[in-house]
2 protein chains.
Amino acid sequence: MSPSASPASPRRPLTDSPTVHDQVYDAIRQALVTGRIAPGVGVSLRSLAAELGVSPMPVRDAVRRLVAERALAINPANKRLSVPSLTAARLEQLSQARLWIEPELAARAASQADAALIRALKAIDARLDAALAAGDVDGYMTANHAFHFAIYERAEAEVLLSMARALWLQIGPFMRVVFGRVGTVGLPADRHAEAMDALKTGDAEAARQAIAADLSDGMDKMRVAVGG
Amino acid sequence: MSPSASPASPRRPLTDSPTVHDQVYDAIRQALVTGRIAPGVGVSLRSLAAELGVSPMPVRDAVRRLVAERALAINPANKRLSVPSLTAARLEQLSQARLWIEPELAARAASQADAALIRALKAIDARLDAALAAGDVDGYMTANHAFHFAIYERAEAEVLLSMARALWLQIGPFMRVVFGRVGTVGLPADRHAEAMDALKTGDAEAARQAIAADLSDGMDKMRVAVGG
DNA sequence: GGACTTGCATTGTGATCGCAATTGCGGGCC
DNA sequence: GGCCCGCAATTGCGATCACAATGCAAGTCC
């Protein structure tokens, strides 16, 4: 694979406003969340760089960042990197962490919510339903992510928010497994309606419960998809 | 800054077994935890590299890693990096996260504890007391860190363990503030004894309570040091 | 005398080069 | 025919170079 062999589609004006590093980071992040990089298989730094049309340097930086966020794993012996394998133990720990952090963020956001947030959430939820009806897995997952973090960002809790981001990044491959096996059907958005109601009335505890229930629903599905 | 130290020295004991990146990472990490880098002041990549006698490249990698772990912050405008400032909101969030994750790790470790662990903990606690008596702040903090993570590593929960590590890294500067103002006195190690007893008997709930109490003690002190 | 502007030094970023180590594979040997 | 050794390609790591942007400071003009 020669470095000058793929200027076809990935050759983009990468040097716009953000740095190349950020673009590479987002690209790999997206590839991870959408499951384009299968867990277990090893990927090489140079191949990624060639695929993105940049030098290995920003790729290395992005990979280090993702490794620090536990979204990528690196074999100590090989030094080769791969996606962490999906084990029941990992899923259980990630679920437990999410079940504490994310309801907390929702509860904090309840006191900060306003009409604009509710409107934005309704719009996102509409996109989510549309993607669900169309069987658009990527669209559903994007909208679901947007819905949750539109809430969480209102909590004004930067530390917890960054932890939630890291958890979503790690649990992305699991989500892909869910939709790959059981499909997008059977994932009701009722919890989202409950969450929006709670935010509208500023009820922190109700928001906490709604998000906790939403997470539990999704994680139960992941559990059956992974564990058996 | 004196880059004439050894910018091009071909043979250094640095290239032993671990990589230069890891050494730089550990060096900056230690500097952060021990408070050698004061919060708010900006540090430069090249100055760090010159100080460590390496090229800016592994320093950049290490800094990216630390930024991803929220141990360092980077100004979006300046692009210059600094230690995150110590705010009450940050401390409160970090405390809340620790209060959930670390007792959980202790509880999980309770079922895995054996005599060897207890012996190791006793040795660490002895070093801790010695440092406390001698007024050795660095020694105390090192021993305290070792005590907690000797327990946590027994939990066999890699995800939660890495989260705990990141939290300690972020809360390090706060700890330095505590010892800079109120000194090392008045930090009883009784909770450590409680924790060891709980681990010895395999009592998960007692271990959880002991670690939670230990954290609460320390964080109360940080709270008064920062907020008041 | 004070504020603005212009010049230089410094910083972060990205690319290319060189090096050591590991992997994969082909040929030679038993 | 199977196993083992050795060579080549690939990979990651670190250094150096080059460039754009920012910070700082001295000089200049009002």
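The figures that follow rest on heavy atoms only: side chains count, while hydrogens, waters and symmetry mates do not. Every chain is numbered from 1 and lettered A, B, ... according to where its sequence line falls, protein lines coming before strand lines.
- Note: NZ (B:Lys79) to C1' (C:dT11) measures 12 Å, nearest angstrom.
- Between B:Arg98 and B:Asp214, none of the side-chain N atoms (NZ, or NE/NH1/NH2) sits under 4.0 Å from a carboxylate O, so this pair counts as no salt bridge.
- Comparing D:dT16, C:dT16, C:dG14 by their nearest atom to the side chain of B:Pro56 picks out D:dT16.
- Taking all atoms of both residues into account, the shortest heavy-atom contact from B:Ala71 to B:Leu32 is O-CD1, 3.8 Å.
- Along DNA chain C, the nucleotide nearest B:Leu45 and the nucleotide nearest B:Met57 are compared for position; the residue whose nucleotide lies closer to the 5' end is B:Leu45.
- Minimum atom distance to the side chain of B:Ile74 is reached by C:dT13, of the listed D:dA15, C:dT13, C:dG14.
- Between D:dT16 and B:Ser55, no contact under 4.0 Å exists linking OP1 or OP2 to a side-chain N or O.
- Across the protein-nucleic acid pair, B:Leu52 atom CG and D:dG14 atom P stand 13 Å apart, rounded to whole Å.
- Between the side chain of A:Arg46 and the base of D:dG12, a donor-acceptor pair under 3.5 Å is found.
- DNA chain D lies under 4.0 Å from at least one heavy atom of each of the following residues of residues 61-72 of chain A: A:Arg64.
- Counting only heavy atoms from C-beta on, A:Val54 has its side chain closest to C:dA15 among C:dG14, D:dC13, C:dA15.
- Each of C:dG14, D:dT11, D:dG14 was ranked by its minimum atom distance to the side chain of A:Ser44; first place goes to D:dT11.
- Put simply, CG on A:Leu81 is 10 Å from C1' on D:dT11, counting in whole angstrom units.
- Between A:Val159 and B:Gln93, the shortest heavy-atom distance links the atoms N-OE1, 3.0 Å.
- Following rounding to the nearest Å, A:Asn75 (CG) and D:dT11 (C1') show an atom-to-atom distance of 13 Å.
- For B:Asp22 and B:Arg65, the salt-bridge test passes: some basic side-chain N is under 4.0 Å from an acidic carboxylate O.
- A salt bridge links B:Arg223 with B:Asp220; the closest basic N to acidic carboxylate O contact falls under 4.0 Å.
- With the end axes of the helix from C:dG1-D:dC30 to C:dC30-D:dG1 each set by five pairs, the angle from one to the other reads 0° at 10° resolution.
- One cannot find a donor-acceptor pair under 3.5 Å joining the base of D:dG14 and the side-chain atoms of B:Arg60.
- Across the protein-nucleic acid pair, B:Asp22 atom CG and D:dC13 atom P stand 9 Å apart, rounded to whole Å.
- Of the candidates A:Glu153, A:Gln112, A:Arg154, A:Lys122, A:Leu117 forms a side-chain contact (heavy atoms from CB on, under 4.5 Å) with just one, namely A:Arg154.
- The minimum heavy-atom distance between B:Pro58 and B:Val24, with the atom names listed, is O-CG1, 4.2 Å.
- In this view, B:Phe149 and B:His145, B:Tyr152, B:Trp168 satisfy the ring-ring contact (aromatic ring centres under 6.0 Å, His included) rule, not counting sequence neighbours.
- Looking at B:Glu51 and B:Arg36, no side-chain N of the basic residue comes within less than 4.0 Å of a carboxylate O on the acidic one, giving no salt bridge.
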